[in-house]
Amino acid sequence: MKMRRMTMAQALIQFLKQQYVERDGREHAFFAGMVGIFGHGNVAGIGQALQQNPDFPYILVRNEQAGVHMATGFAKASNRLRTFACTSSIGPGATNMITGAALATINRLPVLLLPGDIFARRNVAPVLQQLESPATQDIGVNDCFKPVSRYWDRIYRPEQLITSLPEAMRVLTSPSDCGAVTLALPQDVQAEAYDYPEELFAKRIWLIRRGEADRVSLERAVSAVRAAKRPLIVAGGGVLMSEASPALAEFVKATGIPVAETQAGKGALAWDYPLVVGAIGATGSLAANRLANAADLVIGIGTRYSDFTSASMTAFQNPQVKFVNINTAEFDAYKVGAIPVVADARVALDQLGAALAGYKVSTAYAAEVADLKAKWDAEVERLFHLKREDLGQAGKPAQSEVIGAMCEASGPCDVLVSAAGSHPGDLHKLWRTRTPNGYHMEYGYSCMGYEIPGAMGAKMADPSREVFVFLGDGTYLMMPAEIATSVQEGVKIIIVLVDNHGFASIGSLSRSLGQEGFGTRYRKRDAKSGQLDGEPVAVDFAANARSLGAHTIKAANLSELKKALEEAKAMDRTTVIVVETDTSVGVPGYESWWDVAVAEVSEMKSVREARAQYEEARKRERQHL
């Protein structure tokens, strides 16, 4: 057997360069490169190895968490067929990546994390940033990655790579098990040499399987559909990840079953497709929520039924409602007492469609769906173009108008990215997605700070698509530094930053709980009250973004915003548009609810009133067994 003497880090990079995936006859290199920051835990190992491999690009980010977000955004926009590896030094550099790992795993997106670790030989201890335990020496901060990783290993000896790396790739390329994979790399082992077999560095192609439904489950699903009078499809992220949009379109065209969309599944079909009734659940449309309320069969495709999708288990009120779940993950397929169809979304839709030949919903139900969709489309138009007398804050646009302006400025294939605050709820209802992956919402973790690095990942996945970022001042302040990375790498994105002087979403939630927005506004501490309810804290967001290298524009009204969007599209670098909105005008909830506990006892009357409303709303919660 031919051997090659290399350091562990050199062998690692050489292996990653040779990993490919294949689906439907199309082959892709799986890793687009490495993102990270060097420190004493990885500079002499991975840093040196990357230096001698210029064909494996290294992207220097400003925050390790942002690096993982960038890789995850890239993987999401690539339908899990590509990703980046992420590296950090030991200690705080490593633990900065934990939030990113949780986000990737919760969203079922593949990302490889390579944090530096303390010396395996242990004679140099405690090293800088080492966590010591009196109970064991076999522990470090990288053990914190275990609960948020789908696979975890610590490489104590260089030859461990030979067995650990294939296992890591198995998980990263699995349609059902993928998420964050963490390989903790002690800094001394990274630099240690070993005679590796040449076969380790041969090109390896990982087949992305399209599993078929078993006969019995498929027959039961077909029977459930044929017996249904008011079926509804809930399209989740699995539709997009399996590239099943054409199959879904054929299925609904043949059957007439309407389609509601989760946050992850929005864009599975174009917004104006006749049977698309919009968002479902706590952030859903009136059309989708009314159909869900009366549905006697819910066909979930690639969804995990989060509390927002199910409106905290209040969305489906028909006493006879049943569920069919199509999912690659058995864990999700069995949820809500469903008939589980464990299969690839595209394959299962083809199988189900063939078995349902001749089935069609009733004329009356089809007419009801069409009427609800038309009314919903008219409601979106109203919110996009509000009458000026409905606004009250000195000509400031409502958030729905900002969304409308962005929607009108975007092209058919452009991408909208967001993650946290009030924006995901309004965007889920209102954004008009025209092509798959045009709506890039990180709502599995709803992580503030994801938006800018995640958008960079989406742009790198397909540079031909314009990428719009919609975020608030609160989330912007958590991670603006990656604007500098976007300038460094020439990755242009358009950022629309809504300045609403605090955490608008949680402020609104706080008020709904009777708590008056406590602790959610950017204000100075008042000497008399002792609370943060003094003078507003002024932040010049345009100046901040400009200092990081972005082109910046301030828009005082809707007309200026529309001009700014056109200017941003013509720019060749990242542009940040700052706009204040009229916070007195919101988007309605459309007969939905979200379970957020209210204090059971309080001296505040407003809280007691909110508790009474909460207890009444909880009566609608159901157990679907």
I'd like to know if the side chain of [X] and the backbone of [Y] have a donor-acceptor N/O pair within less than 3.5 Å.
X	Y	value
Gln51	Gly47	no
Lys266	His428	yes
Asp462	Ala458	no
Glu451	Leu471	no
Ser486	Ile483	yes
Ser529	Gln531	yes
Arg434	Gly411	yes
Lys524	Pro536	no
Thr475	Gly449	yes
Arg525	Arg523	no

Is the count of non-hydrogen atoms from other residues, nucleotides or ligands lying under 6.0 Å from Glu535 atom CD greater than 12?
-> no
Using side-chain hydrogen bond (donor to acceptor under 3.5 Å, both in side chains) as the criterion, list what pairs up with Glu261, not counting sequence neighbours.
-> none
Who passes side-chain hydrogen bond (donor to acceptor under 3.5 Å, both in side chains) against Asp153, sequence neighbours left out?
-> Ser164
Which is it for Ile46 and Met34 under the side chain to side chain contact (heavy atoms under 4.5 Å, CB included) test, yes or no, and what are the steps along the way?
-> CA-CA 10 Å; Ile46 289 180; Met34 180 97 61; 4.0 Å; yes
Electrostatic pair Arg62:Glu482 at N-O distance under 4.0 angstrom = no
Quick one: side chain to side chain donor-acceptor pair (under 3.5 Å) pairs with a partner in residues 89-99, sequence neighbours left out?
-> Glu64-Asn96
Hey, are the side chains of [X] and [Y] touching, using non-hydrogen atoms and a 4.5 Å cut-off?
X	Y	result
Glu408	Lys562	yes
Glu466	Lys569	yes
Leu416	Met406	yes
Val487	Thr485	no
Gln263	Glu442	no

Over all heavy atoms of both residues, which pair between [X] and [Y] is shortest? Give the atoms and the distance, please.
X	Y	value
Pro480	Leu477	CD-O, 3.7 Å
Ile13	Ala49	CG1-CB, 3.8 Å
His69	Cys447	NE2-SG, 3.8 Å
Cys86	Ala71	SG-CB, 3.7 Å

Aromatic ring centroids of Phe31 and Phe84 under 6.0 Å?
-> no
Can we call the ring centroids of Phe38 and Tyr58 under 6.0 Å apart?
-> yes
Distance-only donor-acceptor check, side chains Arg382 and Ser400, under 3.5 Å = no
Could you go through the salt bridge (charged side-chain N to carboxylate O under 4.0 Å, His left out) check for Asp533 and Arg521 one step at a time?
-> CA-CA 8 Å; Asp533 55 7; Arg521 292 168 293 211; over 6 Å; no
Audit row: Thr581, Thr583, side chain to side chain contact (heavy atoms under 4.5 Å, CB included) steps and yes/no = CA-CA 6 Å; Thr581 57; Thr583 56; 4.2 Å; yes
